[in-house]
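Everything numeric here is computed off the predicted structure, so don't read it as measured data.
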Amino acid sequence: MATDEAMSPRVLVVDDEVELMTVLCELLAEHGYETVGCASAEEALVVLQQRDVDLLITDLMMPGMDGITLLRLAQEAHPYLLGIVATGQGTIQTAVDAMKIGAFDYVLKPFKLSALLPTLERAVEVGRLKRDNLQLRETVAIYELSQAVALSLDQGVILRKAVEAALQQCAADAVSVLLPTASGDGLEVAAVGGSYPKELVGTRASLAPEIAAWVERQQEPHGVNGTTSTQVFELPRHASGSHSIISVPMLAGGRLIGVLNVCVALPGRPLTSGQSKALTILASTAAAALESASLYEQKQAEERARLVALERAARAEAEAERSARAVAEKAVAIRDEFLSVAAHELKTPITSLLGAVQLLLRQRERAATLAPGQIERSMQIVGRQAARMSRLVTQLLETSRLDSGQFLPHRTLVDVTSLVRTAIEHARVATDRHEIVLSAPDCVPAHVDPMRIEQVVGNLLDNAIKFSPDGGRIEVEVSTPRAQMVRVVVRDHGIGIPPQRRQELFTRYYQAHAESHRSGLGLGLYISRCIVEHHGGRIGVEFPADAGARFVVELPDGTNGTRSTAAGKQHQVTR
Amino acid sequence: MSGPRRVLVVDDESIREMVDMALSSEGHQVLTAPHGRAALDVTAKSPPDVILLDMKMPVMDGWEFARVYRAAPGQHAPIVVVTAAADGHLPKPFDLEDLFRVVDEYAPAS
């Protein structure tokens with residue numbers, strides 16, 4: 001598309017005297033000019049729409065359109081075209097008029113070739129200077145436009161200004177900029193201007209295969225060097241053939257940033273080489289600006305990400321601190337609650353004990369002899385309350401030992417049935433409202449710590465009694481459901497445990513009935529669980545549909561020590 | 001001695017037993033209840049002159065009992081709060097002398 005300055009000067013000869021016109025064309029061709037001849041101004045205009053012409057030699061007086069009108073129209077379409085008018089003597093004033101509207105010179109007809117040739121040579125030289133000047137002005141103009149493009153760090157602004165500059169500079173009909181797609185596997189339309197519809201933005205560019213291949217090569221860092229500056233190429237013309245599109249690579253540091261496409265309606269307006277060069281400059285400037293904008297955006301994004309990360313870290317730290325404080329506060333609250341419960345639990349037996357002793361002393365002061373019934377009742381109170389206190393103190397000590405991991409079961413071979421029977425006998429002393437029944441084989445031998453296991457069964461029986469406030473039946477069962485496994489079940493028909501309270505049943509200080517049945521330290525099931533787990537067994541609870549609770553303890557019988565630990569360490573709450 | 005009074009003791013079993021023995025030996029009539037609800041039944045049948053009330057109890061605690069009892073129509077006996085906390089009228093553990101004094105103080109002989 002671009003005009004090549006090394007070409008022969010192109011001359012259009014227009015004269016209604018066809019013979020003269022033909023001879024002149026032949027003569028000029030012999031002198032190195034590329035010539036086209038036309039017999040009328042109308043015919044000449046058609047030629048001018050199709051090709052680039054440097055010089056126009058036209059007769060002034062022609063039927064139809066005259067030479068002056070033709071010259072004016074030709075120069076509108078080809079700003080660098082030089083016109084020479086040919087005229088007879090009688091119309092010298094007209095020739096002067098032609099000079100006034102921009103004709104380069106005039107020759108008087110009939111003319112001699114020797115007179116015409118110097119005029120033509122001069123015209124070609126002036127034309128070249130005029131063209132150079134035009135190119136320079138175009139280049140300066142594009143440089144100024146490029147500066148506006150280069151000053152922005154916003155991709156949208158850069159693209160918009162580049163499109164505007166290209167439209168303005170080339171008097172183009174439509175301009176588009178293609179940028180790589182997000183996935184990097186092709187190009188898509190990033191900006192449009194002129195007659196291209198806005199809807200094109202975002203669509204994938206469908207370039208002819210050779211252009212795609214060219215673009216592909218440009219993405220290779222090494223395929224670019226040396227040749228990039230002249231890579232101005234033509235896209236396939238539109239089907240109508242009435243447009244010309246040039247695509248300019250947008251290169252920054254030898255890397256293809258995008259492609260600038262400029263579409264020009266052809267008639268009389270092919271792009272000058274100055275415009276092509278200008279577009280190359282514009283494309284490179286826009287490419288560099290886009291690269292900077294991208295780096296700037298990347299930097300901004302990194303900074304934003306850094307700030308976000310900092311903020312997130314600070315939040316996480318604050319959150320961790322809050323939750324650590326919450327955990328500590330909860331631990332303190334649990335401890336305070338426990339101390340209050342422990343104080344109540346210990347002061348009750350102390351009160352009874354002190355009272356009973358004081359009562360005995362008072363009565364002895366009053367009467368020489370005490371009624372035997374009085375003495376016995378007081379002594380029973382003293383004995384029971386001392387035992388109760390002893391139990392509480394033992395629980396506290398045991399919890400402390402279990403917490404510090406100092407607990408080891410002292411296993412001996414015992415009969416679990418008789419051990420359970422002993423626990424039941426102790427429990428029966430504490431109640432006259434409950435019926436405790438045992439179902440067990442005669443002898444169930446196991447290697448366990450007898451005191452501890454009896455303690456577990458005792459705890460379960462205490463709970464069964466405590467949480468069957470209206471009395472009732474308590475069923476105890478000893479069985480060997482499978483080899484090397486002993487099961488002890490304690491089932492009551494009392495108030496059970498509400499579902500939302502079941503999860504923490506075996507945790508320390510937990511009292512499922514803290515509001516309504518407060519009693520004890522909340523340690524019984526916790527200690528029981530620890531003892532069972534130290535035996536490699538497990539403790540769980542079920543809540544039968546017909547009320548009450550069913551605690552199940554499963555213990556390895558200790559005849560095969562290797563399987564004792566794995567089964568433990570978990571307890572399950574079954575609903 | 002300022003005459004026999006009818007005393008309702010609402011507390012743990014061991015406390016009830018001991019207080020019953022002590023107050024009976026002083027000539028008072030003693031009624032007992034294991035928790036608030038049982039105590040409401042007792043007060044309905046035989047109104048006491050004074051109530052010794054523990055706060056932490058099964059089934060119905062002392063706060064709930066006091067609320068319901070005071071809302072009920074009729075005469076109300078004074079309530080003596082017996083707790084392990086130091087702010088009760090009769091903090092546990094207490095001396096028998098304190099027990100007797102509290103009964104005299106809150107249920108003067110008519």
Side-chain angles (χ1 to χ4, degrees), chain A residues 339-367 370-371 373-389 430-433 465-471 494-495 511 513-520, chain B residues 1 7 9-28 30 32-38 41 52-65 67 80-103:
Chain A
L339 287 176
S340 147
V341 168
H344 180 264
E345 284 302 306
L346 287 167
K347 280 179 179 179
T348 296
I350 289 172
T351 305
S352 304
L353 217 153
L354 276 176
V357 171
Q358 285 178 5
L359 195 59
L360 281 177
L361 290 172
R362 274 176 75 90
Q363 288 172 340
R364 217 180 64 130
E365 277 169 22
R366 288 186 188 174
L370 289 171
Q374 288 269 6
I375 297 174
E376 195 176 330
R377 278 183 72 193
S378 296
M379 286 310 179
Q380 275 172 356
I381 290 176
V382 169
R384 268 203 305 276
Q385 298 312 315
R388 179 170 168 183
M389 279 179 60
T431 177
D432 48 13
R433 291 177 299 144
I465 291 166
K466 205 189 295 179
F467 299 117
S468 311
D470 301 324
I495 59 173
Q511 300 205 345
H513 296 283
E515 296 88 359
S516 57
H517 285 72
R518 165 153 286 167
S519 173
Chain B
M1 296 300 289
V7 184
V9 183
V10 193
D11 207 327
D12 185 83
E13 187 181 1
S14 67
I15 303 283
R16 293 202 304 273
E17 193 178 7
M18 186 274 288
V19 172
D20 186 1
M21 281 172 65
L23 291 177
S24 299
S25 73
E26 294 296 304
H28 296 297
V30 179
T32 62
H35 49 70
R37 192 178 302 150
D41 292 343
L52 302 185
L53 180 68
D54 187 15
M55 285 305 170
K56 290 180 176 174
M57 286 183 300
V59 185
M60 182 191 280
D61 70 11
W63 304 107
E64 180 67 4
F65 165 79
R67 199 180 59 75
V80 175
V81 175
V82 184
T83 68
D87 55 355
H89 299 117
L90 193 58
K92 290 176 186 173
F94 49 79
D95 283 341
L96 287 187
E97 295 300 334
D98 292 329
L99 175 68
F100 300 145
R101 181 182 50 73
V102 158
V103 169

Apply the test side chain to side chain contact (heavy atoms under 4.5 Å, CB included) to residues Met55(B) and His344(A): give CA-CA distance (whole Å), side-chain angles for both, the deciding distance (0.1 Å), then the verdict. CA-CA 10 Å; Met55(B) 285 305 170; His344(A) 180 264; over 6 Å; no
Is Gln358(A) in contact with chain B via its backbone, its side chain, both, or neither, using a 4.5 Å heavy-atom distance? both
Interface moiety of Leu359(A) toward chain B, non-hydrogen atoms closer than 4.5 Å: both
Taking C-beta and beyond as the side chain, do Arg388(A) and Ser14(B) meet within less than 4.5 Å on heavy atoms? yes
Name the region of Asp54(B), side chain, backbone, both or neither, that has any atom closer than 4.5 Å to a heavy atom of chain A. side chain
Over all heavy atoms of both residues, which pair between Ser25(B) and Gln363(A) is shortest? Give the atoms and the distance, please. CB-NE2, 3.7 Å
Cationic N near anionic O, under 4.0 Å, Asp12(B) to Lys347(A): no
Looking at Ile350(A), Thr351(A), Leu354(A), which one has more heavy-atom pairs under 4.5 Å with chain B than the rest? Thr351(A)
So which heavy atom on Ala356(A) is nearest to which on Met18(B), and how close? N-CG, 3.5 Å
Which value, rounded to the nearest 0.5 Å, describes the distance between Gln374(A) atom CD and Met21(B) atom CE? 5.0 Å
Taking NZ, NE, NH1 and NH2 as the nitrogens, is one of them in Glu13(B) or Arg433(A) under 4.0 Å from a carboxylate oxygen of the other? no
The reported gap from CD in Glu17(B) to OG in Ser352(A) (rounded to nearest 0.5 angstrom) is 8.0 Å
Counting only heavy atoms not in Gln380(A) (residues, nucleotides, ligands), do more than 12 fall under 6.0 Å from its CD? yes
